[in-house]
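Worksheet: the structure to be examined is printed underneath.
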Amino acid sequence: MLGKFIQTRNIGVRIFLNWQEKQSFGNFTCLHVKRKLSDMVNVLNVAEKNSVAKNVAQILGRGAIQTRETGSVYNKLYEFRVYVPSLQNQCLMKMTSVSGHLLSFDFGPEHRKWTSCNPQELFSSPIVRFVPETGMKIKKCLQREIRNCSVLIIWTDCDREGENIGFEIIDVCREVKPNLKILRAHFSEITGPAINRALNTLTEPNKKVSDAVDVRQKLDLRIGAAFTRFLTMGLQVPNNNNNNSDKNNQIISYGSCQFPTLGFVVERWKQREEFVPQPFWYITVESVKDGISCSWNWKRQRLFDERSCIAILSKISEHPTAKVTKINSKQKSKYRPYAMDTVTFERLASSKLRINAKRAMMCAEKLYTSGYISYPRTETNKFPPEIKLNDLVTAQQSSSEWGQFANRIIQNGGATPRNGNKSDQAHPPIHPTKYASNLNGDEKKIYELIVRHFLACCDKDAQGFEVTVQIEINEEIFTLKGLQIKERNYLEVYIYEKWYDKEIPQFVENEMFVPNDIDMKKSETTAPELLTEAQLIALMEKHGIGTDATHADHIEKIKERGYIMVTPTRHLMPKGLGIGLVEAYDDIGFEMSKPYLRAALEKDLVQICEGTKTPEHVLKTHINEYEKVYKESHKQKNRLFELVRTKINS
DNA sequence: GCAAGGTC
């Protein structure tokens with residue numbers, strides 16, 4: 001086996017020279033080359049984006065790669081030679097890429113113009129699939145290169161969309177070469193071991209997963225377009241942007257993700273609007289001992305009845321002597337963070353670094369394609385047992401900021417990750433894959449967050465000692481808590497969380513003292529705050545609205561449409577138009593702004609992937625559901641539009 | 001002029 005391998009490699013080198021000769025001398029060596037090339041299998045490899053193609057080629061080609069232009073500015077072609085186990089052959093690998101989806105769905109020409117048809121027809125009108133102008137150069141490149149290849153290996157991202165993009169590549173290539181052998185590589189980080197493992201474990205691509213995405217695309221297009229045309233043309237809201245749009249109406253869009261996103265913002269706003277503050281009363285006790293002031297907490301916390309509170313106050317004022325009835329001491333831990341999934345990442349970036357989710361994902365994407373971190377779109381928050389965490393921790397020892405901390409983890413017996421219980425069965429939690437020292441700006445901050453979170457997760461919980469003192473004053477109970485931090489552990493590297501000592505005096509059981517002050521205070525309940533971006537993302541995640549990659553886009557979209565705005569305190573506030581749309585649909589009895597419809601679709605898509613439902617069935621069911629809503633809104637359109645107009649003007 | 005999902 002080894003002998004064969006070496007021999008094949010030698011042939012590979014010879015052919016390589018001949019191939020270059022062929023380039024230089026045209027047909028001169030043609031016959032000779034033809035004979036030798038027959039030993040070599042030509043393989044076209046296609047990744048989802050150029051950066052992946054480049055880095056995968058660099059790893060597999062061990063630096064011996066040739067770069068060629070493809071006609072598409074962003075997509076290069078990299079050539080190298082490597083032995084591919086599942087083909088049992090030394091291969092001439094041509095590695096190139098698409099730029100995300102290559103194909104696009106749209107209505108046929110007869111339904112594309114807004115005035116061409118009743119929007120309801122869009123639920124059943126023909127849909128065409130085509131390569132948009134922006135992808136034509138990539139398509140030409142794929143079809144040109146596949147002609148002299150017998151194998152196609154798909155290197156798109158290992159998620160649902162990636163599988164679908166894989167089939168787009170397959171369709172385009174099969175158009176010119178129907179009898180291709182097709183293989184799929186599985187990887188979730190671009191490192192030597194992961195990429196070599198992928199090459200050694202090629203499988204068939206998964207059509208079911210790709211089918212699920214087709215269903216999602218068709219549904220989103222039909223429903224989005226039908227309702228958007230209906231609302232925009234029906235409401236005729238004048239456009240206040242002075243752009244060059246020849247249409248004078250503002251677009252009032254509906255989308256299966258943007259509408260529920262809006263719904264969350266409006267719902268919170270409503271809770272706040274409808275909130276009625278409730279007055280409440282509570283008793284405070286102040287004392288001083290050993291020079292330390294203590295504010296004791298009432299066990300009843302608060303009473304909503306003033307007279308009851310007065311009664312208790314007068315009762316304890318009769319014998320205002322406190323007796324220490326209980327002292328509890330216990331170990332207290334502050335837990336280190338779980339391994340990082342995408343939503344946690346987006347929320348931390350937004351709340352701790354003040355980098356909005358959209359920008360944070362862009363930075364993470366760049367760090368991933370540069371090989372610094374693992375794939376940033378993951379729902380997994382537990383590390384697989386086979387991952388070599390100690391190697392990853394060791395790699396961070398070069399840092400002047402957290403290197404010592406990484407070193408300490410290793411010295412103390414190695415990484416002990418705090419794992420959650422979610423796994424998408426495709427990607428590990430977000431973690432650094434190598435040390436980076438040359439980053440700047442937001443990318444640097446994002447990388448630092450990922451590294452510090454990773455090291456914190458691999459370290460130990462912080463340990464403290466909590467003392468709870470309980471007193472009774474004429475049968476009323478009050479408590480005081482003190483905290484002594486013993487071991488900071490993960491907190492030393494995780495600068496985003498704080499934990500403070502709280503010093504309290506020494507007490508002994510049955511000790512008696514007279515408090516310096518006993519008082520009754522009045523306060524009232526406060527309304528919930530408007531949502532922050534971080535909280536909205538958490539809600540979207542919880543209800544399955546959008547993907548890790550698009551949460552941020554949907555929030556941007558509803559801002560752009562004039563449905564919501566951001567307050568100076570960075571809270572999300574719905575505008576009249578947004579409130580009107582949500583209330584109008586609520587009013588005619590449809591939960592369009594609620595997340596349930598999208599969640600139901602998501603569930604069906606998973607079933608398509610698992611093979612328990614057919615794509616045709618799922619598509620038909622959901623189309624029917626939304627068409628019913630459409631017909632009803634059309635029937636009640638005067639009422640619906642009037643409701644929205646009232647809100648816009650209020 | 002529409003969606004959501006990829007990416008530059």
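Just so it is clear: chains get the letters A, B, ... in the order the sequence lines come, proteins before strands, and each one is counted from 1. Because the structure is predicted, anything quoted here is derived from the model rather than measured.
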Inset, instruction - Take Glu533(A) and Arg347(A), measure what salt bridge (charged side-chain N to carboxylate O under 4.0 Å, His left out) needs, and give me the verdict at the end. - result: CA-CA 8 Å; Glu533(A) 190 192 52; Arg347(A) 292 173 60 192; over 6 Å; no
With a 3.5 Å cut-off and sequence neighbours excluded, list the donor-acceptor pairs that the side chains of residues 593-602 of chain A form with protein atoms.
from	atom 1	to	atom 2	distance (Å)
Arg598(A)	NH1	Asp220(A)	OD1	3.0
Arg598(A)	NH1	Ser256(A)	OG	2.6
Glu602(A)	OE1	Arg160(A)	NH2	3.1
Glu602(A)	OE2	Arg160(A)	NH1	3.1
Glu602(A)	OE2	Arg160(A)	NH2	3.3

Inset, instruction - Measure from NZ or CZ of Lys434(A) to the centre of the six-membered ring of Tyr372(A), then state whether that distance is under 6.0 Å and the direction lies within 45° of the axis. - result: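 Yes - Lys434(A) lies over the ring of Tyr372(A), closer than 6.0 Å to its centre and within 45° of its axis.
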Inset, instruction - Strictly below 4.0 Å, heavy-atom distances to any atom of DNA chain B: list the hits from residues 600-617 of chain A, or just say none. - result: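 By residue number: none to list.
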Inset, instruction - Quick one, give me the B/S/- string for nucleotides 2-7 of chain B, reading 5' to 3', where B means a protein heavy atom under 4.0 Å from the base and S means that only happens at the primed atoms, P, OP1 or OP2. - result: BBBBBS
Legend entry - Glu541(A): salt bridge (Lys or Arg N to Asp or Glu O under 4.0 Å) partners, not counting sequence neighbours: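 Partners of Glu541(A) under the salt bridge (Lys or Arg N to Asp or Glu O under 4.0 Å) test: Lys422(A).
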Legend entry - Dot-bracket line, read 5' to 3' along DNA chain B, where crossing pairs take [ ] and | marks a partner on another strand, Watson-Crick or G-U under 3.5 Å: ........
Legend entry - Under the side-chain hydrogen bond (donor to acceptor under 3.5 Å, both in side chains) test, residues paired with His431(A) that sit two or more places apart: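 Checked His431(A) against side-chain hydrogen bond (donor to acceptor under 3.5 Å, both in side chains); matches are Glu189(A), Ser374(A).
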Legend entry - Test item: Glu443(A) and Lys366(A) side chains (from C-beta on) under 4.5 Å apart, heavy atoms: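 Yes, at least one pair of side-chain atoms sits under 4.5 Å.
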Inset, instruction - Before accepting this row, confirm whether a basic side-chain N of the pair Asp442(A)/Lys445(A) lies closer than 4.0 Å to the acidic partner's carboxylate O. - result: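 Looking at Asp442(A) and Lys445(A), the cut-off is met.
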Inset, instruction - Please determine if Lys76(A) and Glu69(A) form a salt bridge, counting it only when a charged side-chain N lies under 4.0 Å from a carboxylate O. - result: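 Yes, this pair counts.
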Legend entry - Trace of the ring pair (Phe, Tyr, Trp, His ring centres under 6.0 Å) decision for Phe641(A) with Phe230(A): CA-CA 10 Å; Phe641(A) 293 152; Phe230(A) 166 68; 5.2 Å; yes
Legend entry - Within the 6.0 Å centroid threshold, strictly below: His453(A) and Phe345(A):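 No; Phe345(A) has its ring centre 6.0 Å or more from that of His453(A).
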